Amino acid sequence: MSTAILTGQPVPGSSIEGDLRSLGFDVRTAADAAEAETLLAEVPFEERVALVDARFVGHVHALRLGLTDPRFPLAAIPGAVTAQPAGRQALTRAMARENSAGAGTTLVGSLADRILTALDADGTDVHRPELGSLVAAVPADPQARNEARQAVADVDDEAVRLKSAVKARDGFFTTYCVSPYSRYIARWCARRGLTPNQVTTASLLTALIAAACAATGTRGGFVAAGVLLIASFVLDCTDGQLARYSLQYSTLGAWLDATFDRAKEYAYYAGLALGAARGGDDVWALALGAMVLQTCRHVVDFSFNEANHDATANTSPTAALSDKLDSVGWTVWVRRMIVLPIGERWAMIAVLTAATTPRITFYALLIGCAFAATYTTAGRVLRSLTRKARRTDRAARALADLADSGPLAAGLASVLRRLPAKGPLGARAFVALPGAALVVLAAALEGYGSALPVALAALYVLTSAAAVALPLKGALDWLVPPLFRAAEYVTVLVLAAKADVNGALPAAFGLVAAVAYHHYDTVYRIRGNAGAPPAWLVRSLGGHEGRTLLVTVLAALLTASQFTVALTALAVAVALVVLVESIRFWVSAGAPAVHDEGEPA
């Protein structure tokens with residue numbers, strides 16, 4: 001339960017009390033500052049509390065945005081201020097100081113606004129939502145009140161709420177082919193008490209049914225799979241819109257929304273591969289390649305964003321050109337489409353699944369994602385080389401966490417701390433590149449069972465340690481985590497393909513999926529300001545270099561059939577450890593409720 005304390009002189013005919021009750025507040029009234037402080041002290045500390053001026057005039061949705069968003073400890077709009085438990089102490093201090101200054105006299109002016117001024121003076125972070133055309137005001141006289149009420153009547157509160165439920169920045173397909181009607185589905189869900197997590201789960205189940213249909217290998221199954229995949233994406237858009245429409249943000253919801261997108265897409269790849277196999281076509285290598293490419297694209301996005309999250313002097317001619325292009329309307333949509341974001345990507349997969357074959361679908365997916373990856377990575381490299389920016393310790397720490405270095409690299413790095421502060425050409429990425437490239441080449445060029453990949457995997461361990469021995473603050477050091485991901489995933493793919501036995505590539509698919517989940521989990525913890533996964537988890541999984549070395553050793557020592565069994569066992573072990581720890585953390589750790597507003601391609 002939440003409590004709202006109405007302060008100041010009541011206004012006849014005002015709807016403020018009813019509006020607050022409709023938002024779930026228990027409403028109490030205070031005649032002066034002393035009584036308001038007393039009522040504030042009586043509200044249980046674990047409850048949300050709000051101070052609202054009784055003369056407030058505005059839209060209900062303005063109150064909703066200002067007083068019910070669960071993501072912010074303190075928030076305010078004109079005439080109202082609210083605190084969750086995390087911000088309660090700051091609000092209580094400000095109230096006590098204001099009461100002392102006013103000596104508990106009858107309220108003159110807006111107490112809520114004076115409290116907000118006191119919070120600002122303390123340097124306390126108070127969220128102020130963008131209201132746009134919504135009205136939130138405390139009129140000083142009857143004429144101003146009439147004008148404010150007219151302004152409220154002139155703006156359709158519900159229309160604004162529906163519009164704001166849609167992401168401000170989204171892909172072309174999502175913006176024009178899904179959001180025009182999915183926002184109404186979100187409202188329908190809200191009015192029936194459905195939660196974003198329930199819609200997210202429905203989206204996952206729909207995608208899994210789509211994958212099962214694709215796995216039948218029949219034309220009818222492929223058509224049904226394409227239709228269901230689009231339906232899953234509509235629900236995927238709906239869950240976020242429902243969260244924004246009703247402000248139902250949560251830690252668990254943020255995690256489910258982020259991880260289920262990956263689970264849905266990669267499960268669908270597996271379904272397509274199974275369906276192709278039923279028709280006599282083995283496309284597991286293409287399915288695994290598509291997952292590897294898509295995951296590496298995401299890591300590039302995450303690493304670049306983290307490296308520049310709080311960089312100073314963050315300017316470059318390339319960024320200026322990008323901003324200039326964004327000022328031309330049609331270029332915005334072209335640039336958003338060619339990076340093949342999730343809406344365009346899933347639409348392409350759905351149409352090709354229904355109309356063609358799994359092999360053609362994967363070929364188109366690989367070509368499209370490869371082009372998008374080249375375009376985005378090249379642009380970011382140019383920005384990094386032309387940008388005069390100083391990376392912070394926080395950015396270096398985030399990149400080190402994203403690197404996922406295990407005990408081998410960490411132990412060697414501690415010995416290599418005396419390396420020059422910058423690697424060749426001024427970036428640690430060029431220290432990591434040779435080992436990563438050589439281990440992949442050895443796996444690709446040598447026959448199955450060769451010992452050369454093992455030797456070069458050992459070199460990869462050394463170069464990986466050298467790359468992370470010093471802080472990742474170079475211009476291109478954000479490339480280090482993607483290089484590590486590519487080296488590990490592609491090595492597993494190539495060795496499984498070289499084994500050339502039934503089940504090797506599906507086992508490799510499962511192993512890469514489990515490891516990729518661990519890497520995504522790391523990303524979402526960092527983005528939620530919840531820190532990296534615990535050190536014991538990274539050590540127990542061996543780190544990227546340890547797993548790469550282990551897989552090459554297994555391929556050198558075991559027969560192809562034994563190698564398949566070993567990959568399967570490793571995939572199960574990694575999945576169990578990662579999932580148990582991830583679920584434990586996100587369900588019980590109390591991480592910040594950060595809903596994703598900018599899912600990368």
Side-chain angles (χ1 to χ4, degrees), residues 171-174 176-178 181-182 185 199-239 259-295 297 337 339-372 493 496-497 502-510 512-513 516 601:
F172 181 88
F173 178 78
T174 304
Y176 291 103
C177 300
V178 177
Y181 59 88
S182 62
I185 299 176
V199 178
T200 301
T201 303
S203 176
L204 174 66
L205 293 175
T206 304
L208 293 179
I209 296 172
C213 291
T216 63
T218 64
R219 177 51 51 195
F222 288 148
V223 172
V227 172
L228 287 171
L229 188 64
I230 293 296
S232 175
F233 181 68
V234 172
L235 291 174
D236 182 56
C237 294
T238 300
D239 66 357
T259 56
F260 278 12
D261 278 352
R262 308 285 77 80
K264 288 180 288 189
E265 185 166 359
Y266 299 156
Y268 192 83
Y269 292 175
L272 277 179
L274 287 169
R278 286 180 178 272
D281 190 12
D282 186 356
V283 297
W284 274 106
L286 297 178
L288 180 51
M291 182 168 66
V292 169
L293 180 55
Q294 190 59 32
T295 303
R297 282 186 65 200
M337 292 173 67
V339 299
L340 209 63
I342 188 169
E344 278 74 0
R345 189 168 68 251
W346 282 28
M348 180 186 74
I349 294 171
V351 171
L352 291 177
T353 298
T356 63
T357 65
R359 181 172 289 274
I360 292 175
T361 301
F362 281 123
Y363 280 150
L365 182 62
L366 286 166
I367 292 170
C369 288
F371 176 81
L493 188 162
N502 288 334
L505 280 167
F509 188 96
V512 172

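FYI, the numbering just counts along the sequence from 1. Just so you know, these numbers come straight off a predicted model, no measurement behind them.
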All heavy atoms of Ala273 vs all of Ala287, minimum pair found to be CB-CB, 4.1 Å
Between Ser232 and Tyr268, does the side-chain hydrogen bond (donor to acceptor under 3.5 Å, both in side chains) criterion hold? Intermediate values first, please. CA-CA 11 Å; Ser232 175; Tyr268 192 83; over 6 Å; no
Going by heavy atoms in the side chains, are Thr174 and Cys237 under 4.5 Å from each other? yes
Quick one: ring-ring contact (aromatic ring centres under 6.0 Å, His included) partners of Tyr176, sequence neighbours excluded? Phe172, Trp333
Distance from Leu288 atom CG to Phe362 atom CZ, nearest 0.5 Å? 10.0 Å
Identify the heavy atoms of Leu352 and Ala364 that sit nearest to each other, and give their distance. CD1-CB, 3.4 Å
Looking at side-chain heavy atoms only, is the closest gap between Tyr266 and Thr295 below 4.5 Å? yes
Considering only residues two or more places apart or on different chains, which pairs with a residue in residues 272-285 satisfy side chain to side chain donor-acceptor pair (under 3.5 Å)? Asp281-Arg359
Which value, rounded to the nearest 0.5 Å, describes the distance between Leu204 atom CG and Asp261 atom CG? 10.0 Å
Heavy-atom pair of closest approach, residues Cys369 and Leu293: CB-CD2, 3.5 Å
How many angstroms lie between atom CG of Asp236 and atom CD of Glu265, to the nearest 0.5 angstrom? 10.5 Å
Could you go through Cys213 and Leu228, starting from their C-alpha distance and side-chain angles, then the distance that decides it, and tell me whether this counts as side-chain contact (heavy atoms from CB on, under 4.5 Å)? CA-CA 9 Å; Cys213 291; Leu228 287 171; 3.9 Å; yes
Non-hydrogen side-chain atoms of Pro358 and Phe222 separated by less than 4.5 Å: yes
Checking Phe509 against Leu505 for the side-chain contact (heavy atoms from CB on, under 4.5 Å) test, could you report, in this order, the C-alpha distance in whole Å, the side-chain angles of both residues, the deciding distance, and whether it holds? CA-CA 6 Å; Phe509 188 96; Leu505 280 167; over 6 Å; no
To the nearest 0.5 Å, atom NZ of Lys264 lies from atom OG1 of Thr200 at 7.0 Å
Considering all heavy atoms of both residues, which atom of Glu344 and which atom of Gly171 are nearest to each other, and what is their separation? OE2-C, 3.8 Å
Can you sort out the partners of Phe233 under ring-ring contact (aromatic ring centres under 6.0 Å, His included), two or more places apart, ordered by chain and number? Trp346
Please check if the side chain of Thr353 supplies one atom and the backbone of Ile349 the other of a donor-acceptor pair under 3.5 Å. yes
Spatial distance of atom CD1 (Ile342) from atom CZ (Arg262) [nearest 0.5 Å]: 5.0 Å
Hey, what do you get for CG (Leu235) to CD1 (Ile185), rounding to the nearest 0.5 Å? 7.0 Å
Could you give me the CA-CA distance, side-chain angles and deciding distance for Val292 and Val512, then say whether side-chain contact (heavy atoms from CB on, under 4.5 Å) is met? CA-CA 8 Å; Val292 169; Val512 172; 4.2 Å; yes
Looking only at heavy atoms, the pair that brings Gly368 and Leu340 closest together is C-CD2, 3.9 Å
